[in-house]
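Shown next, in structure tokens, is the structure this report addresses.
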There are 2 protein chains.
Amino acid sequence: MKAREIINRLKLIEGAHLNIKEISKLAQVSTATVSNVLNNSPKVAQATRERVLRVIRETQYRPSTIAKSLKVKRTNLIGVISEDITVFNTPEIINGIDEYTENHGFHIILNNLRLYQRLGNHYADTAKYRNFIAEAVQILLSRQVDGIIYIGAHSRDISGIIEHLPVPIVYTYCYSAGAEDYAVNYDDEAAAYDAIQYLIDAGHRKIGVISGLYDSLQSQARFKGYQRALLDYKLLFNPAYLKAGDWERESGHALGKELLTLPDPPTAIFAMNDLMAGGVIDAANELGIAVPEGVSLIGFDNRECSKFFAPPLTTMALPLNEMGKQAVQILMNRIVGPQSATDAHDDRLKCTLVERQSVAKRVVSAAMPG
Amino acid sequence: MKAREIINRLKLIEGAHLNIKEISKLAQVSTATVSNVLNNSPKVAQATRERVLRVIRETQYRPSTIAKSLKVKRTNLIGVISEDITVFNTPEIINGIDEYTENHGFHIILNNLRLYQRLGNHYADTAKYRNFIAEAVQILLSRQVDGIIYIGAHSRDISGIIEHLPVPIVYTYCYSAGAEDYAVNYDDEAAAYDAIQYLIDAGHRKIGVISGLYDSLQSQARFKGYQRALLDYKLLFNPAYLKAGDWERESGHALGKELLTLPDPPTAIFAMNDLMAGGVIDAANELGIAVPEGVSLIGFDNRECSKFFAPPLTTMALPLNEMGKQAVQILMNRIVGPQSATDAHDDRLKCTLVERQSVAKRVVSAAMPG
DNA sequence: CTGAAAGCGCTTACAG
DNA sequence: CTGAAAGCGCTTACAG
């Protein structure tokens, strides 16, 4: 068989890739026909198609995506810029992106900014920052990506850092307020509301809060959710129950202690992240107060470690996977049709409570609403 | 100015990319010359170079990597296949890869197998497994990657799963015993040796061990390191001090209890991962034994949660970042010169102990060696 | 030092 | 239904 011969000869050449021309010769058709069967064009006769397919199979021919991309001006490649892939949120978001792209013939080219590693705690050093991002964007563009997803290391506004782009971009785990920008995040306010509601449903009326850095977007939004829940359930806001932390475990420890040693201490505490919730557990242990019997506790983030706390922490899980999926979905809509108007510019996905063992039910007088 | 006019006209076209031909016209040279300045060829006159450079700057021209790749048959793209990016080891390894590639003009195209998500606890289901991997490899090859890095989700032998490839591949966080294969991992035996040595140096003579699954490569290698340290320090191996766990926290709890309730209990325990070390802490708490005063404890992996244990856990840190760097370095050596013979086929990097607060010093009689 | 031309491996009107 | 040919945006001998 002639084909076999040629194949065998080609196999001898180290790492030889066949091209469409060689396939067309082996199948005795034109390259156009090979291309047509490759792309499932209906206009090729069944017999011809089968002949070509057989040659492709036998030669294990793999068409060059590169060459195709050059011609069709579409790479089916999306650039993912992550501020820092070692931050807990990022891998899951990438996982979500990847799941979607894989099912749609797209692939990811990753550009990891390594912000924490390079900037340490000066990750807010905007000048360097801008440069890193601009570079990453240029690199991705020269690779002809069809679109870009930008994954923040923590929620904040990065409006105006990335200038007008020839391809669509969507932000996730960060905000951008430009009129044309799309961002997908989770709904901090609703999540806080749900957490408080859960505590109220469990019979708690005196609910302390340890916030993150007071001026952060998240702290503000979550505080709003807290207030709204109080309002809806006709509970009084007691300012003594509100403590502003800094996201670190130690602040949960210190502020937890303050809360728990109040003359009329809260029966439940909402810590705005799991780390600070861990600090509250430390404080409770020191004071000989059992969690959840003495004080109930609810965290935020569903960090891996939270399930190893003693007791395992009830906490709000972030919809990380979904954020990735949603981001890439919006991006792909914009790639195919730039004006698919149905997508939200500022999408906020729901968090879900994961119930573990840090919240206890309290009996409450029947007169209470809710 | 003529250039300006043309540029402005071009800017009007939505998302228009300039190409080398247009640049050559604007600079009044041939495309060959533009290409030469782009590639820093020395054979272009200074004046010409500057003229071209200026046009490039003014137009913000970005050469197409795609087109270049097609011509030079090199994409400077390396394919990264991760078994599961949400597993704790993977992001750091990718971080290391990325750091190296970025400095060498290479980029990463990521293919995440999502094994845990798709196979659940059946991640050893080799049939499906093989398929996923084979697919990923084909996809990466059709994208013309110059090489592949395969990141395992846990150390194990995956020899023979990936067949002969037209591009080099290096494995990390898993083994492949093929004669032509390269793998980079960490040195389990040395790490265990170092951990035990550390305990011995701190004055411990009765050292318990909780291994992972007994038949895993890691457990075996680490057990060897344990034995060797005992031997070197002339300590007797007491079989009662060896317990085989299953990597889960609960087994650390149960086996820790067994160890601590022995008639002559160990004064220190080496748990082969942080999760089981956490279980030992649980056991100690239940028995009213303080860590490290009552029993010293050392873990393995330096998982993020280990620093939140009470007390913060002393543990072996995995050289994840370095593994990524080393893997890509070997890969790049093989890409440029397939026969760079100096690289180890089975590279094992050193772990480093991170000292926290779970190990206490013990006074030991002067007669003891070491 | 510079340019004309061929070619990388595909796709896509277009003609037949 | 099939094929010849042009072209995507680069690079690279080669000639001058």
Side-chain angles (χ1 to χ4, degrees), chain A residues 10 13 15-53 55-56 59-77 105 141-146 166, chain B residues 10 13 15-53 55-56 59-77 105 141-146 166:
Chain A
L10 286 165
I13 304 163
H17 281 258
L18 299 188
N19 62 26
I20 198 171
K21 212 163 143 195
E22 290 162 314
I23 299 300
S24 74
K25 258 184 228 150
L26 289 174
Q28 321 212 53
V29 294
S30 72
T31 60
T33 299
V34 176
S35 176
N36 280 332
V37 348
L38 248 22
N39 292 296
N40 289 316
S41 160
K43 58 183 173 181
V44 26
Q46 189 57 20
T48 315
R49 179 186 305 280
E50 275 165 17
R51 185 150 36 94
V52 173
L53 248 19
V55 174
I56 288 173
T59 55
Q60 303 192 44
Y61 167 61
R62 225 180 300 108
S64 164
T65 310
I66 290 280
K68 173 169 186 166
S69 295
L70 178 60
K71 180 64 192 169
V72 304
K73 283 156 169 316
R74 259 280 221 101
T75 52
N76 282 18
L77 224 38
L141 289 178
S142 80
R143 293 243 180 223
Q144 317 298 122
V145 296
D146 293 335
Chain B
L10 287 166
I13 304 163
H17 280 258
L18 299 189
N19 62 26
I20 198 170
K21 211 163 145 195
E22 290 163 312
I23 299 300
S24 75
K25 259 184 226 148
L26 289 174
Q28 322 212 49
V29 293
S30 71
T31 60
T33 298
V34 176
S35 176
N36 281 331
V37 347
L38 248 21
N39 293 295
N40 289 314
S41 160
K43 57 183 174 181
V44 26
Q46 190 56 19
T48 315
R49 178 184 306 280
E50 275 165 17
R51 185 149 37 93
V52 173
L53 249 19
V55 174
I56 288 173
T59 56
Q60 302 192 46
Y61 166 61
R62 226 180 300 107
S64 164
T65 309
I66 288 279
K68 174 169 185 165
S69 295
L70 179 59
K71 181 65 193 169
V72 304
K73 285 159 167 313
R74 259 279 221 101
T75 53
N76 282 19
L77 224 37
L141 289 178
S142 79
R143 293 242 181 223
Q144 317 298 121
V145 295
D146 293 334

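Chain A is the first sequence line, chain B the second, and so forth, proteins listed ahead of strands; every chain is numbered from 1.
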Residues passing the side chain to side chain donor-acceptor pair (under 3.5 Å) test with Ser24(A), sequence neighbours excluded, are none

Residue set satisfying side-chain contact (heavy atoms from CB on, under 4.5 Å) with Asp146(B), at least two apart, ordered chain then number -> Arg74(B), Thr75(B), Asn76(B), Phe106(B), Ile335(B)

Counting any heavy atom closer than 4.0 Å, what does Thr48(B) reach on the DNA or RNA strands: base, sugar-phosphate only, or nothing? sugar-phosphate

Hits for side-chain contact (heavy atoms from CB on, under 4.5 Å) against Ala32(A), two or more places apart or cross-chain, chain-then-number order -> Ser30(A)

Closest non-hydrogen contact found for Leu38(B) with Tyr61(B) is CD2-CE2, 3.8 Å

Discussion item. Under a 3.5 Å distance rule, please check whether Arg143(A) uses its side chain to pair with a backbone N or O of Ser64(B) as donor and acceptor.
Written reply: no

Taken in chain and number order and not counting sequence neighbours, the residues that satisfy side-chain contact (heavy atoms from CB on, under 4.5 Å) with Arg51(A) are Gln28(A), Val29(A), Thr48(A)

Bounded by its outermost nucleotides with an atom under 4.0 Å from a heavy atom of chain A, the footprint on DNA chain C reads dG9(C) to dT12(C)

Residue set satisfying side chain to side chain donor-acceptor pair (under 3.5 Å) with Thr31(A), at least two apart, ordered chain then number -> none

Contacts of Lys71(A) and Ile20(B) projected onto DNA chain D by closest heavy atom; the upstream (5') one is Lys71(A)

Output field dot_bracket for DNA chain C (Watson-Crick or G-U, both distances under 3.5 Å, | for other-strand pairs) contains |||.||||||||.|||

Walking DNA chain C from its 5' end, the first of Lys73(B) and Gln28(B) to be reached, judged by nearest nucleotide, is Gln28(B)

Is it true that a side-chain atom of Asn19(B) and a backbone atom of Lys21(B) form a donor plus acceptor pair closer than 3.5 Å? yes

By side chain to side chain donor-acceptor pair (under 3.5 Å), Ser142(B) pairs with (sequence neighbours left out) Thr65(A)

Under 4.0 Å, counting only non-hydrogen atoms across every strand here, what does Ala32(B) touch: a base, just sugar-phosphate, or nothing? base

Taken in chain and number order and not counting sequence neighbours, the residues that satisfy side-chain contact (heavy atoms from CB on, under 4.5 Å) with Lys71(A) are none

Under a 4.0 Å heavy-atom cutoff, the residues of residues 33-44 of chain A touching DNA chain C are Ser35(A), Asn39(A)

For Ala47(B), is there any backbone N or O sitting under 3.5 Å from a side-chain donor or acceptor partner on Glu50(B)?
no

Result for 5'-nearest mapping on DNA chain C, choosing between Val29(B) and Val72(B), is Val29(B)

